[in-house]
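Both ligands and their constituent atoms are indexed starting at 1 by order of listing.
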Amino acid sequence: MSRLIIVSNRVSVPDNQGAAAAGGLAVALQAALAERGGVWMGWSGKSSGDIEPEPLVLTEDGNITYALTDLTQTDVEEYYQGFANRVLWPICHYRLDLAEYGRKEMASYFRVNRFFAHRLAPLVEPDDIIWVHDYHLIPLAAELRQMGFKNRIGFFLHIPWPPADVLFTMPVHEEIMRGLSSYDLLGFQTKYDLENFAGCLKREGMGVENSPGHFSAHGHNFRGGAYSIGIETAAFAAFARKAAAHSMVRKARQSVEGRDLIIGVDRLDYSKGITQRIDAFERFITNNPAHHRRVTYLQITPKSRSEVPEYEAMQHAVAEQAGRVNGAIGTVDWVPIRYINRSISRPVLAGLYRLAKVGLVTPLRDGMNLVAKEYVAAQDPDDPGVLVLSRFAGAARELKGALLVNPYDVDGTANALARGINMPLEERRERWRGMMDHLLENDVSRWCDTFLTDLRAE
Ligand code: GDG
């Protein structure tokens with residue numbers, strides 16, 4: 001079997017607690033690498049200041065080699081915080097209003113991709129297959145091709161792909177489309193993202209779709225498909241069952257005794273719809289006085305990308321909003337919203353999912369959303385909770401037993417919350433069983449295997 005090389009902006013190097021602590025995606029990729037032997041290359045997360053980064057730091061772990069590079073401070077600011085997080089991320093999440101174009105940032109994005117290609121090149125052998133992840137590294141295959149590499153190269157996009165009218169607002173959209181056309185296989189989260197990509201390619205005659213999922217553009221034939229990412233379902237379910245005994249989870253259970261728990265878990269990101277969700281929770285309480293003092297909404301929101309101004313502003317906005325709602329509807333013995341603005345450990349998270357009667361997952365736009373899948377996997381089969389899920393998350397295409405909502409519709413989300421909280425046991429069980437069966441069958445190992453099998457096929 002050919003060796004696998006994975007390239008992603010950040011690399012999940014197993015720490016002394018073992019790989020499992022890193023979460024489903026890292027575990028699946030590490031398993032795929034261990035099976036075939038291989039290399040995982042990416043940015044170390046560190047800056048080399050204003051001097052050229054040292055050569056790659058290689059760490060061997062069994063038959064896996066982790067290859068890390070630093071980036072200069074200018075590249076961290078322009079490539080990562082600038083173009084990746086202030087242009088591609090907002091555009092792919094349909095936030096044209098938040099995209100900040102700058103020539104320096106765009107140039108840095110392509111420069112860093114060339115730098116990655118040059119650092120990777122000495123490690124690549126002719127039979128290796130190369131799997132590139134996410135929006136930071138779209139031009140990587142084009143750079144490798146220019147250097148003469150003929151390897152099979154695949155790309156998986158973890159975030160949504162927008163329609164042409166949105167993408168084309170980006171000044172370098174043609175270069176980005178050209179970059180994607182250099183891969184052999186493009187993986188998207190859903191068929192809607194794939195359709196959007198095909199629409200972008202055809203709109204200005206940049207390429208053609210010869211048959212469904214088979215494209216030609218810029219003199220290269222390639223394929224595209226929908227590969228919805230999963231979680232380690234069975235392992236996470238067992239993990240959540242055990243986590244119920246964790247001391248922090250027991251304390252949490254005691255502290256909500258007699259009240260229903262609603263849980264939200266999101267990186268602090270404007271795409272996750274956190275402020276709209278808090279509005280919906282407040283509306284739910286206002287419209288349903290019977291639930292006043294009878295529910296607790298726990299929102300766990302680790303800080304994310306705080307160097308980017310929009311994220312810093314949001315941090316203040318969410319804290320202020322949660323405080324305002326607590327002030328407006330709370331009582332001396334009831335804090336309606338518990339807001340935690342930092343990361344909590346994975347076992348505690350799993351136990352809290354299981355404790356919650358409703359999982360409230362309402363992104364304004366999301367490639368997939370693994371929280372929705374983890375919430376389902378963590379439930380007690382005898383007494384499962386209800387998933388309230390945004391129709392704009394990729395996961396909504398799969399999790400048919402969820403109560404689907406439009407997160408922009410505050411009343412609609414408030415009504416779904418009421419329906420979820422009051423849902424009879426039989427209906428909860430039936431909805432949950434269907435979703436769980438789907439997640440067991442379509443777990444992250446299957447996602448990984450399917451993509452790699454298709455990438456290997458000529
Ligand atoms: C991108 C795409 C796509 C969150 N808070 C804590 C914590 N988490 C973990 C969750 C989950 C992960 O972070 C978040 O994954 P999501 O999928 O929900 O969202 P993104 O980070 O935006 O991921 C997304 C994904 O890539 C995979 O393709 O689904 O659409 O945007 O695993 O559990 N984990 C711990 N403490 C926390 O406080 N331990």
Would you mind running through ligand 1 and noting each atom that sits below 4.0 Å from a heavy atom of [X]?
X	result
Ile229	28 (O)
Gln189	3 (C), 28 (O)
Val371	10 (C), 18 (O)
Tyr353	33 (O)
Leu349	7 (C), 33 (O), 34 (N), 35 (C)
Glu374	10 (C), 11 (C), 32 (O), 33 (O)
Ile300	38 (O)
Ile344	35 (C), 36 (N), 37 (C), 38 (O), 39 (N)

Give the residue and atom name of whichever protein heavy atom lies nearest to [atom], and the separation in Å to one decimal.
atom	value
atom 28 (O) of ligand 1	His158 ND1, 2.7 Å
atom 31 (O) of ligand 1	Asp366 OD1, 3.4 Å
atom 37 (C) of ligand 1	Ser343 OG, 3.5 Å
atom 9 (C) of ligand 1	Arg346 NH1, 4.5 Å
atom 29 (O) of ligand 1	Asn369 N, 2.9 Å
atom 17 (O) of ligand 1	Leu370 N, 2.8 Å

Measuring from non-hydrogen atoms of Trp89 to any atom of ligand 1, is the shortest distance under 4.0 Å? yes
Tell me whether His93 contacts the main-chain N or O of Arg95 through its side chain, where contact means a donor paired with an acceptor under 3.5 Å. no
Would you find a donor on one side and an acceptor on the other, under 3.5 Å apart, between the side chain of Tyr109 and the backbone of Ile138? yes
So, [X] and [Y]: side-chain donor and acceptor under 3.5 Å apart, yes or no?
X	Y	answer
Glu310	Tyr270	no
Asp269	Tyr311	yes
Tyr79	Asn9	yes
Gln379	Arg428	no

Parallel, tilted or perpendicular: which one describes the rings of Tyr408 and Phe392, with boundaries at 30° and 60°? perpendicular
Can you say whether the rings of His133 and His158 are parallel (under 30°), tilted (30 to 60°) or perpendicular (over 60°)? tilted
Under 4.0 Å between a side-chain nitrogen and a carboxylate oxygen: does that hold for Glu78 and Arg111? yes
Could you tell me the separation between the CZ atom of Phe281 and the OH atom of Tyr297, rounded to the nearest 0.5 Å? 8.0 Å
Which distance, rounded to the nearest 0.5 Å, do you find between the OG1 of Thr362 and the CG of Asn369? 9.5 Å
Report yes if the distance between the aromatic ring centroids of Trp447 and Phe156 is under 6.0 Å, otherwise no. yes
Tell me which part of Val265 gets within contact of ligand 1: side chain, backbone, both or neither, using heavy atoms under 4.0 Å. side chain
Check Pro302 against ligand 1 and report side chain, backbone, both or neither, counting heavy atoms closer than 4.0 Å. side chain
Counting neighbours of CD on Gln73 that are heavy atoms of other residues, nucleotides or ligands and sit closer than 6.0 Å, is the number greater than 12? yes
Ligand 1 N/O within reach of Phe156 N/O, cut-off under 3.5 Å: no
Below the 3.5 angstrom mark, is there an N/O of Lys272, backbone or side chain, next to an N/O of ligand 1? yes
Pick whichever of His93, Arg365, Arg267 has a heavy atom sitting closest to atom 22 (O) of ligand 1. Arg267
Could you tell me whether atom 13 (O) of ligand 1 has a protein heavy atom closer than 4.0 Å? no
